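Scroll down for the structure; my scribbles are underneath it.
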Amino acid sequence: KAVLKSGYGWSGWKRNGYYGTYVGTQNTTITMPAENITLTATSSVLVNYTVNHYIKTPGSSSFTLHSTDIKSSQANIIMSFDSMVKDIPGYVFSHGTATGGNLTYEIIREDGSSVVNLYYHSNSLEYTVNHYVPDGASGYTLYETEKKLGNYGESIVFENISKDYAGYTYAFGKHNIPKKSTLMPT
């Protein structure tokens, strides 16, 4: 098993010297040919990059910095945002941006200037339910407004949040409203 020097990252195996043919990653298996060969473990210098984690709390209109991680990788490697997402209790990953302008990955720069900003929404989101009743003419009047909490991605079943008021019964499906909707952050 090849041992890496501190500050270096694994590049792969090469056959017949450092400038030889690339034959695979650390866990690659090859079949011994009918000749003597030399296998060389190759590595490259690691560079640092920055990952900022921003959170948006319920009711907030902006994101605030939660934490910053300094990570290391080989230069010129494509790193997906998914590999950088951290578990922040009560929050779910929403989206990201990177130095290179990419929206799903960053190519780690040799000079260590790569910065990735990851954004998380609260798992508990607020939504508003407006209850309308007929106004006797051809329209409706707002009767009551409620604030409710739901989890990101959870279905809101309208039958469960509807209300009947004295003299009125909830007219389910009126105005082509679907029976359920998926809660997404605003």
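Given the structure is predicted, the values throughout are model-derived calculations rather than measurements.
Ser114 contributes atom OG, which lies 4.0 Å from atom CD of Glu106 (distance to the nearest 0.5 angstrom). Taking OG1 of Thr128 as the start and NZ of Lys147 as the end, the distance is 3.0 Å to the nearest 0.5 Å. Taking CG of Asn130 as the start and CG of Leu142 as the end, the distance is 5.0 Å to the nearest 0.5 Å. Here Leu118 contributes atom CG and Ser67 contributes atom OG; the two are 9.5 Å apart, rounded to the nearest 0.5 Å.
Judged by distance alone, the side chains of Ser94 and Lys56 never bring a donor and an acceptor atom under 3.5 Å apart. Side-chain N/O atoms of Tyr120 and His53 include a donor and acceptor closer than 3.5 Å.
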Checklist entry - Do Thr50 and Thr68 pass the side chain to side chain contact (heavy atoms under 4.5 Å, CB included) test, and can you show the C-alpha distance, the side-chain angles, and the key distance before you say yes or no? => result CA-CA 7 Å; Thr50 303; Thr68 297; 3.6 Å; yes
Checklist entry - Could you go step by step and tell me if His95 and Leu103 meet the side chain to side chain contact (heavy atoms under 4.5 Å, CB included) rule? => result CA-CA 8 Å; His95 65 282; Leu103 299 178; over 6 Å; no
Next on the checklist: Quick one, His131 with Tyr143, criterion ring-ring contact (aromatic ring centres under 6.0 Å, His included). Give me CA distance, side-chain angles, the key distance, then yes/no.
Outcome noted: CA-CA 6 Å; His131 298 277; Tyr143 188 82; 8.6 Å; no
Checklist entry - Between Ile37 and Ile30, is a side chain to side chain contact (heavy atoms under 4.5 Å, CB included) present by the stated rule, with each step listed? => result CA-CA 12 Å; Ile37 61 171; Ile30 64 168; 4.1 Å; yes
Checklist entry - Stepwise, does the side chain to side chain contact (heavy atoms under 4.5 Å, CB included) test hold for Asp82 with Phe93? => result CA-CA 9 Å; Asp82 291 340; Phe93 174 65; 4.3 Å; yes
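Aromatic rings of His121 and Tyr54 (six-membered ring for Trp) have centroids beyond the 6.0 Å cut-off, not under it.
Glu110 CD: 12 or fewer foreign heavy atoms inside a 6.0 Å radius. Atom OH of Tyr105 is surrounded by 12 or fewer heavy atoms from other residues, nucleotides or ligands within 6.0 Å.
Side-chain contact between Ser122 and Thr57 is absent, with no heavy-atom pair separated by less than 4.5 Å. Side-chain atoms of Ile55 and Tyr91, non-hydrogen and from C-beta on, do get closer than 4.5 Å to each other. Looking at heavy atoms from C-beta onward, Lys86 lies in side-chain contact with Asp69 at the 4.5 angstrom threshold. Under the 4.5 Å side-chain criterion, counting only non-hydrogen atoms from C-beta, Thr97 is in contact with Tyr119.
Across all non-hydrogen atoms, the minimal contact from Val115 to Asn52 is CG1-ND2, 3.6 Å. Residues Met32 and Glu35 approach most closely at CE-O, 3.3 Å, considering heavy atoms. Residue Arg109 comes nearest to Val47 through the heavy atom pair O-CG2, 3.6 Å, listed as atom of the first residue, atom of the second, then distance. Across all their heavy atoms, Val116 and Phe81 have their closest contact at CG1-CE2, 3.6 Å. Of all heavy-atom pairs between Lys71 and Ser83, the closest is NZ-O, 4.3 Å. Heavy-atom minimum distance, Gln74 versus Leu46: N-CD2, 3.7 Å.
Follow the hydrophobic side-chain contacts under 4.5 Å out from Val85 and you reach Tyr49 in the same cluster. By the criterion of side-chain heavy atoms lying less than 4.5 angstrom apart, applied directly or through intervening Ile, Leu, Val, Met, Phe, Trp or Tyr residues, Ile107 is not grouped with Ile77; the two fall into different hydrophobic clusters. By the criterion of side-chain heavy atoms lying less than 4.5 angstrom apart, applied directly or through intervening Ile, Leu, Val, Met, Phe, Trp or Tyr residues, Phe63 is not grouped with Ile88; the two fall into different hydrophobic clusters.
When atom types are taken as modelled, the side chain of Ser72 and the backbone of Asn48 share no donor-acceptor pair closer than 3.5 angstrom. At distances below 3.5 Å, at least one donor-acceptor pair connects side-chain atoms of Asp111 with backbone N or O atoms of Ser113. Side-chain atoms of Ser60 come within 3.5 Å of backbone atoms of Ser62 as a donor-acceptor pair (strictly under, hydrogens ignored).
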